[in-house]
Amino acid sequence: MKTLSLISTIIAGAFLIYGSMDMPHWGDPYSPASTHVSPYYLRNSLKDTATPNVVTSVLADYRGYDTLGETTVIFTAGMGCLLLLKKRRKK
Amino acid sequence: MFESLLHHYNYWMFIGLMMIGFYAMMAKKNLIKKIIGMNIFQSAIILFFISTSVKGGGVTVPILEHPEGAQGGFVDVMKYANPLPHVLMLTAIVVMVATLGVALAVVMMIYKRYHTLEEDEIALIRRKQGLKC
Amino acid sequence: MLGETSILIVIIPLISAALTPLVGLAREGLSYLCTITALTLSTLASVHTLFRVLTEGTVHYGLGGWPPPFGIELVVDPLNGMMLVLVSAVGLIVAVYSYRGVEQELTGRMVYFYTLYLLQVTGFLGILITGDLFNLYVFLEIASLAGYALIAVGEDGAPMACFRYIVMGTVGACFYLLGVGYIYISTGSLNMADVHLLMKGLYDSKVIATAIAFILTGLAIKMALFPLHVWLPDAYTKAPSAASALIAPLMTKISIYVMIRILFSVFGISLFVELFPLNRIMVWAGFAAICGGAVMALAQTDFKRMLCYILVAEVGYMIGGLGLANAIAIRGAILHILNDAVMTAGLFTVAGIIMHRMKSHRLADFEGLFQKMPFTMSAFVVCALSMIGVPPTCGFFSKWYLIHGAILARQWPFVAALLGSSLINGILFFRVIEVGYVFQFSTPAHTHAGEGMNRMEEAPLSMLIPTVGIAVAIILIGFYNQAIVKHIIDFALPKL
């Protein structure tokens with residue numbers, strides 16, 4: 001089991017490093033991640049949402065549905081723990 | 001290879017962290033250690049995402065200074081870090097905390113039943129009781 | 001009057017999930033009613049959306065009114081329109097069926113069970129409807145977390161099985177997220193349609209190759225594709241019968257849907273067929289899954305466990321069908337998603353009824369069941385025939401398309417595996433029927449039922465009607481398979 005885990009870990013790590021070779025350089029301001037969607041948020045956040053903190057405006061407005069999902073995840077976990085840890089009533 | 005290391009060493013470090021977590025998840029026999037491995041793996045993914053939001057030197061957090069941007073004025077995009085990965089990871093952190101909670105609840109149930117958290121000991125107990133694993 | 005129903009499909013169960021514990025405070029039974037109402041409304045909304053999609057074409061809905069690449073978008077096309085109707089309908093039927101089982105197996109915890117049940121269905125529907133890669137991850141986790149909790153409350157040994165599922169499921173979800181991260185780094189977008197456009201110039205990028213590999217591996221864990229299936233049999237066997245009847249048919253099918261969506265709508269069919277040996281890998285993975293699942297199923301003495309291994313084999317049908325990459329095989333694979341979800345739901349509901357009455361799901365305890373529960377067992381026979389692939393039932397038609405597609409693609413080992421697994425399914429189910437039917441006159445001394453052997457002990461109506469309903473649906477889908485293929489699936493096929 002240990003060798004199997006080690007082998008799969010090495011394979012996964014090597015694959016990830018192989019993939020990272022073609023990535024834009026770290027901190028490249030012209031990488032796709034920084035030039036495609038995100039400038040829109042920075043430019044329009046104040047105009048659209050009147051929020052200077054862009055992370056807030058994206059979190060709560062542009063991608064608010066994700067945040068709804070996020071709160072649902074917490075609710076699910078809470079309900080799950082209640083279901084799992086509630087003492088069974090003795091009959 | 002060296003060129004790549006120079007420009008991607010941050011990703012490589014996070015990949016290294018991920019693999020530490022991944023290995024712990026699979027190879028460790030103790031259930032809590034598995035969960036710790038899970039957390040290392042997930043935290044490394046968070047760091048990985050966050051590191052994509054960096055833009056060279058001299059950038060600051062994505063909080064706009066008031067004069068710019070107000071009334072649709074010009075915003076120097078190169079001055080602020082990319083906000084999207086931060087948002088995604090805020091969501092992902094919460095998801096991971098929730099997973100951790102459920103995993104620990106399940107571990108509590110396991111402990112109540114077997115009074116041990118070692119995987120092989122649990123298998124042994126089950127075999128002694130004549131149950132298939 | 002009915003304007004935008006697509007968002008309602010997810011929002012109704014989500015809000016009801018928050019309401020369920022509140023109404024459950026007043027009286028436990030109300031949480032059941034709340035679940036049924038929510039799922040009925042959600043089913044109606046998804047049927048309405050499907051009809052709208054079929055008449056008007058793909059429905060787009062930008063959440064919060066933001067245009068697609070910036071905000072999150074819901075997209076309903078014929079493929080996920082069909083899946084939405086399927087999932088909400090199966091969710092509704094199993095919810096109706098679940099009441100007695102929950103009452104018996106989870107006394108005092110019904111409210112939490114139904115809350116999580118609704119969240120589980122919400123997660124499924126959210127995965128299906130979204131057009132955003134990261135949003136899919138969030139809903140995948142909602143579905144997984146609800147699933148972990150529902151599975152862990154099962155019989156003895158369930159927490160340990162569930163823990164293995166949590167570890168593997170988290171690896172799967174993390175791999176998916178990592179793949180999405182790689183896509184984001186190289187394209188800068190998370191919207192599926194947008195990523196698809198940006199992907200065109202990046203086909204030879206190592207980043208994209210890694211992203212595909214990690215997303216597909218993550219999904220393969222979630223769908224229990226053969227060597228990665230180890231968590232499934234334990235977890236689904238030990239789950240409470242109501243939970244396994246919901247999760248077993250749907251979770252694997254939804255992962256396969258996500259795989260179709262990622263391969264065809266995000267990466268694009270040309271990448272899939274031309275640039276990698278990916279389709280050949282998928283055919284062989286399907287082949288391995290069918291053989292492995294069928295052989296392991298033969299070795300089981302437990303009914304539910306046997307069903308789990310059959311489920312593993314069925315995943316192989318669909319993955320292999322996708323890998324064949326011709327229109328007929330993919331049509332077969334998509335039709336098989338529909339059929340298999342219905343058939344598996346039928347079989348697991350039957351297993352739940354037997355569990356309810358006999359307190360066991362071991363094959364040895366099935367003696368004389370045909371006499372005791374004639375209606376349940378007739379429903380079982382219909383499901384079994386469909387699994388084997390006997391003509392009037394729906395299982396035949398999807399297998400027919402798959403075999404036809406495999407012959408066209410000249411993948412003879414896969415053809416042989418499909419035929420062989422039908423044969424093995426035949427053996428498996430006739431073994432069950434034999435135990436239930438032929439042995440009914442044997443001495444009752446070594447059975448649990450004792451003197452009640454000859455009395456009819458049919459399941460309660462609230463369990464029986466949904467099960468028989470599923471059996472009828474299997475036959476109806478069989479009769480109307482032409483209509484389904486012509487009006488829905490043919491629009492869902494990727495352009496080859």
Side-chain angles (χ1 to χ4, degrees), chain B residues 4 8 11 14-15 18 21-22 24-26 28 31 34-35 37-53 82 84-85 87-89 91-92 94-96 98-114 117 119 122-123 125-126 129 131-133, chain C residues 69-70 116 132-135 137-142 144-171 173-182 184-186 188-190 206-207 210 214 233-234 237-238 300-302 305 362:
Chain B
S4 186
H8 301 120
Y11 299 127
F14 302 138
I15 290 167
M18 274 175 219
F22 186 54
M25 271 171 106
M26 292 196 302
K28 291 290 167 198
L31 303 186
K34 272 179 190 279
I35 291 180
M38 193 166 102
N39 259 29
I40 297 174
F41 191 11
Q42 291 172 330
S43 311
I45 293 179
I46 292 175
L47 292 173
F48 177 82
F49 266 85
I50 294 295
S51 76
T52 63
S53 70
N82 181 357
L84 193 52
V87 175
L88 301 182
M89 286 309 107
T91 308
V94 170
V95 168
M96 287 160 190
T99 317
L100 178 67
V102 174
L104 287 175
V106 171
V107 168
M108 270 180 76
M109 287 178 83
I110 294 173
Y111 188 77
K112 272 185 200 156
R113 166 76 172 75
Y114 303 104
L117 289 176
E119 217 176 16
I122 293 171
I125 292 172
R126 286 191 72 78
Q129 293 172 344
L131 297 161
K132 264 211 291 187
C133 200
Chain C
F70 308 113
L116 283 166
D132 188 276
L133 288 168
F134 188 78
N135 191 244
Y137 168 75
V138 173
F139 278 92
L140 190 69
E141 282 291 335
I142 295 177
S144 310
L145 281 177
Y148 301 150
L150 289 177
I151 285 170
V153 286
E155 56 200 68
D156 181 49
M160 198 56 216
C162 178
F163 187 82
R164 278 197 209 108
Y165 179 24
I166 292 179
V167 170
M168 288 204 73
T170 310
V171 172
C174 285
F175 275 13
Y176 175 83
L177 184 60
L178 208 48
V180 172
Y182 272 53
Y184 178 69
I185 286 175
S186 53
S189 182
L190 292 165
K206 289 173 193 165
V207 190
T210 316
F214 273 79
D234 256 350
T237 308
K238 284 164 183 163
Q300 302 308 318
T301 53
D302 184 301
R305 226 180 149 76
R362 294 181 57 78

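Order of the sequence lines sets the chain letters (A, B, ...), proteins ahead of strands, with each chain counted from 1.
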(Q) Using side-chain contact (heavy atoms from CB on, under 4.5 Å), reason through T91(B) and E141(C) one step at a time and then give a plain yes or no. (A) CA-CA 11 Å; T91(B) 308; E141(C) 282 291 335; over 6 Å; no

Q: Name the option with the most non-hydrogen atom pairs under 4.5 Å to chain C; the candidates are V107(B), L88(B), V106(B).
A: L88(B)

Q.
Heavy-atom count check: over 12 atoms from other residues, nucleotides or ligands less than 6.0 Å from K28(B) NZ?
A. no

Q: Please lay out, stage by stage, how I110(B) and F163(C) fare under the test side-chain contact (heavy atoms from CB on, under 4.5 Å).
A: CA-CA 9 Å; I110(B) 294 173; F163(C) 187 82; 3.8 Å; yes

Q.
Heavy-atom pairs under 4.5 Å with chain C: which of T52(B), V95(B), V94(B) has the most?
A. V95(B)

Q: Would you mind checking which part of L100(B) comes under 4.5 Å of any heavy atom in chain C, side chain (CB onward), backbone (N, CA, C, O), both or neither?
A: neither

(Q) Taking the side chain as everything from C-beta on, heavy atoms only, tell me whether M160(C) gets closer than 4.5 Å to R113(B). (A) no

Q) Which is it for K34(B) and T170(C) under the side-chain contact (heavy atoms from CB on, under 4.5 Å) test, yes or no, and what are the steps along the way? A) CA-CA 11 Å; K34(B) 272 179 190 279; T170(C) 310; over 6 Å; no

Q | Point-to-point distance, once rounded to the nearest 0.5 Å, from OG1 of T99(B) to CD1 of I166(C) | A | 8.5 Å

**Q.** Under 4.5 Å from any heavy atom of chain B - which part of I142(C)
**A.** neither

Q. Is the shortest heavy-atom distance from the side chain of M26(B) to the side chain of M168(C) under 4.5 Å?
A. no

Q: Could you check Y182(C) against Y11(B) for side-chain contact (heavy atoms from CB on, under 4.5 Å), going step by step and ending with a plain yes or no?
A: CA-CA 11 Å; Y182(C) 272 53; Y11(B) 299 127; over 6 Å; no

Q: First locate atom SG of C174(C), then atom CE of M38(B), and finally report the distance between them rounded to the nearest 0.5 Å.
A: 8.0 Å

Q: Please state whether the rings of F22(B) and F175(C) are parallel, tilted or perpendicular, taking 30° and 60° as the class boundaries.
A: tilted

Q | Atom pair OH/CG of Y184(C) and L84(B) - distance to nearest 0.5 Å | A | 4.0 Å

Q) At a heavy-atom separation under 4.5 Å, does M25(B) approach chain C through its side chain, its backbone, both, or neither? A) both

Q. What part of L177(C) lies closer than 4.5 angstrom to a heavy atom of chain B: side chain, backbone, both or neither?
A. both

(Q) Please classify the contact of F134(C) with chain B as side chain, backbone, both or neither, using a heavy-atom distance under 4.5 Å. (A) side chain

